[in-house]
Number of protein chains: 2
Amino acid sequence: MPGRPDPARRSRTPLSRLRVLSAAVALADEGGADALSMRKIAQRLGVVPMALYKHVANKDELLDGMIDTVVGEIDPPVEGADWRTTVRLRVLSARRMLLRHPWASAVIETRMKERPAPTPAVMAYLDEMIGVFRAGGFSLDLVHHAMHVMGSRLLGFSQELFVDSPSPAAPSSSPSPPPEEMAARYPNIAELAGAVAHDAGSVVGAGCDDQYEFEFALDLTLDGLERLRDAAA
Amino acid sequence: MPGRPDPARRSRTPLSRLRVLSAAVALADEGGADALSMRKIAQRLGVVPMALYKHVANKDELLDGMIDTVVGEIDPPVEGADWRTTVRLRVLSARRMLLRHPWASAVIETRMKERPAPTPAVMAYLDEMIGVFRAGGFSLDLVHHAMHVMGSRLLGFSQELFVDSPSPAAPSSSPSPPPEEMAARYPNIAELAGAVAHDAGSVVGAGCDDQYEFEFALDLTLDGLERLRDAAA
DNA sequence: ACCTGAACACCGTTCAAGT
DNA sequence: ACCTGAACACCGTTCAAGT
């Protein structure tokens with residue numbers, strides 16, 4: 001069949017910005033931001049690297065597109081619920097997104113710092129969140145404070161300080177010292193870790209329940225905000 | 001003078017791990033994490049790239065060393081003050097460090113996620129922080145919660161969601177739409193921004209006082225923790 | 001006009017050849 | 001034994017040559 005394009009090179013559907021971004025997100029989900037490269041995205045799409053530049057200006061703009069893609073996955077605000085429920089559900093949805101895309105928080109944070117303005121989806125997300133607070137009776141001043149207080153719980157940091165089960169693929173380059181030495185060097189961490197592992201009655205296995213901890217912190221912050229609001233009224 | 005080493009290549013002091021890490025931190029401070037490369041560090045030290053590998057195993061281990069370097073810059077806990085003052089001063093010192101090294105929070109966060117254990121300086125920092133809470137009369141359970149609640153305020157996210165004055169070097173690849181269109185698309189952000197810029201009585205210039213906002217959020221969180229502690233007693 | 005291969009200026013790291 | 005240049009397998013992006 002002369003003139004027929006090489007099947008290995010031809011993709012079923014034509015290339016598009018959406019297909020490029022989807023492939024990029026999938027690649028980053030699998031191997032982290034370091035494993036992401038224009039060349040690998042092209043390879044996965046069965047396309048020559050330069051073909052990507054028809055749909056994204058460069059790698060920087062690709063990263064912005066990836067942020068918009070994943071932030072767009074956050075559930076929209078629920079209708080008809082009170083402000084507190086709405087904020088709570090939304091932040092928990094954002095957290096699930098960040099857990100699905102572990103590379104996202106660092107990329108978002110870096111972008112936030114060096115770009116003049118966040119990407120459109122981030123802007124929309126923050127805007128909707130402000131609207132929820134306003135509808136809940138918060139003054140402008142208090143909404144301003146509230147956004148700062150929520151801080152990284154809105155986006156950009158998924159709160160896992162201690163990973164109890166290290167990722168299976170992670171090669172421990174420097175093997176951690178034996179538990180006794182760890183306990184001697186960091187007595188308070190050891191004491192805390194012991195207590196947490198000990199009284200884990202309802203929690204399956206050792207270590208702490210990240211989901212519970214996240215919601216605990218979130219609820220405490222929300223309590224404080226509500227108290228401030230009522231005091232101002 | 002035959003046999004004399006080339007002065008352009010010879011460095012005054014001999015290469016050491018500390019000099020390598022210092023050069024790496026300085027390079028990242030100037031150009032961000034992307035501008036950091038083994039080759040550029042070597043060039044700055046007047047040394048051949050491979051010479052660095054005598055003092056750091058690879059770039060991953062270099063990044064770990066850089067984290068330890070900057071986390072080591074955080075002031076030690078003050079002696080003789082109550083727990084609240086001590087935590088407050090320490091977290092504010094950590095924030096100053098993160099502002100000095102804008103690349104650090106993203107690097108720390110990425111590292112926290114893929115490494116089984118944080119670097120020694122991070123471990124020591126967290127350990128001391130736990131000790132301060134314990135000395136303040138917090139139960140083990142409550143300290144555990146407290147560390148989660150403090151979350152990214154301890155390390156890793158510097159809270160600047162909106163940069164009022166974009167960094168001078170930042171070339172606006174996609175020029176932001178005119179203010180009217182921004183206000184139409186994001187009415188709540190616009191309303192908030194207007195209010196903040198308007199009633200900036202004591203604050204010099206437009207925009208919000210990041211320092212004030214950071215301390216406001218911190219104090220609110222601390223209030224909540226103290227209330228919990230007293231209720232448990 | 002559109003597409004794309006080669007090329008350019010990088011990168012981290014290996015390794016063998018030099019002293 | 002130590003040091004280091006060349007080399008390898010990458011990378012993002014430019015650009016000219018091909019259709």
Side-chain angles (χ1 to χ4, degrees), chain A residues 2-11 13-17 19-21 23-25 27-28 30-67 103 107 110-111 114-115 171 173-174, chain B residues 2-11 13-17 19-21 23-25 27-28 30-67 103 107 110-111 114-115 171 173-174:
Chain A
R4 190 82 169 284
D6 181 358
R9 272 298 169 91
R10 203 204 50 202
S11 45
T13 56
L15 204 58
S16 68
R17 181 176 168 86
R19 290 216 324 132
V20 171
L21 293 179
V25 167
L27 212 51
E30 291 163 22
D34 286 346
L36 188 76
S37 82
M38 299 299 278
R39 288 166 128 104
K40 278 189 200 143
I41 298 167
Q43 188 184 12
R44 170 162 303 208
L45 290 168
V47 139
V48 87
M50 281 312 297
L52 303 178
Y53 287 80
K54 185 114 291 176
H55 302 97
V56 293
N58 48 41
K59 197 179 183 183
D60 247 48
E61 207 258 332
L62 174 90
L63 288 170
D64 283 345
M66 292 171 69
I67 291 176
W103 49 271
V107 172
T110 301
R111 228 99 214 117
E114 53 195 37
R115 290 272 168 178
S173 61
S174 57
Chain B
R4 189 79 170 286
D6 180 358
R9 272 299 169 89
R10 202 204 50 200
S11 47
T13 55
L15 204 57
S16 68
R17 180 175 169 87
R19 290 215 325 130
V20 171
L21 292 179
V25 167
L27 213 52
E30 293 164 21
D34 286 346
L36 188 76
S37 82
M38 300 299 277
R39 289 167 129 105
K40 278 189 200 143
I41 299 167
Q43 189 184 12
R44 172 163 300 208
L45 291 168
V47 139
V48 87
M50 281 313 296
L52 302 178
Y53 287 79
K54 185 114 293 175
H55 302 97
V56 292
N58 48 41
K59 197 180 182 182
D60 246 48
E61 207 258 333
L62 173 90
L63 287 171
D64 282 346
M66 291 171 69
I67 291 176
W103 50 270
V107 172
T110 301
R111 228 99 214 117
E114 53 195 38
R115 291 271 169 179
S173 61
S174 57

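Below, chain A is the first sequence line, B the second, and so on; all start at residue 1.
- In this structure, the CG atom of A:Asn58 is 14 Å from the C1' atom of D:dC11, given to the nearest Å.
- The CG atom of B:Leu15 sits 13 Å away from the C1' atom of D:dC3 (whole-angstrom rounding).
- The CG atom of A:Leu27 sits 14 Å away from the C1' atom of D:dC11 (whole-angstrom rounding).
- Between the OH atom of B:Tyr53 and the C1' atom of C:dC11 there is a distance of 9 Å, rounded to whole Å.
- Note: CD1 (A:Ile41) to C1' (D:dC11) measures 12 Å, nearest angstrom.
- When each of A:Lys54 and B:Lys59 is assigned the nucleotide of DNA chain C bearing its nearest heavy atom, the one mapping closer to the 5' terminus is A:Lys54.
- Between A:Leu63 atom CG and D:dG12 atom P there is a gap of 10 Å when expressed in whole angstrom units.
- Scored by the salt bridge (Lys or Arg N to Asp or Glu O under 4.0 Å) test, B:Asp34 finds no partners at all (sequence neighbours excluded).
- Of the two residues near DNA chain D, B:Arg39 and A:Leu36, the one whose nearest nucleotide lies more 5' is B:Arg39.
- Looking at heavy-atom distances under 4.0 Å, B:Met38 makes contact with sugar-phosphate atoms alone, never a base.
- Nucleotide C:dG12 holds its P atom 9 Å from the CG atom of B:Leu62, rounded to whole Å.
- When the nearest nucleotides of DNA chain D are assigned to B:Met50 and A:Asp60 by heavy-atom distance, the more 5′-ward of the two goes with B:Met50.
- Stems are defined here as 3 or more consecutive Watson-Crick or G-U wobble pairs with pairing distances under 3.5 Å; those involving DNA chain D are C:4-8 with D:12-16, C:12-16 with D:4-8.
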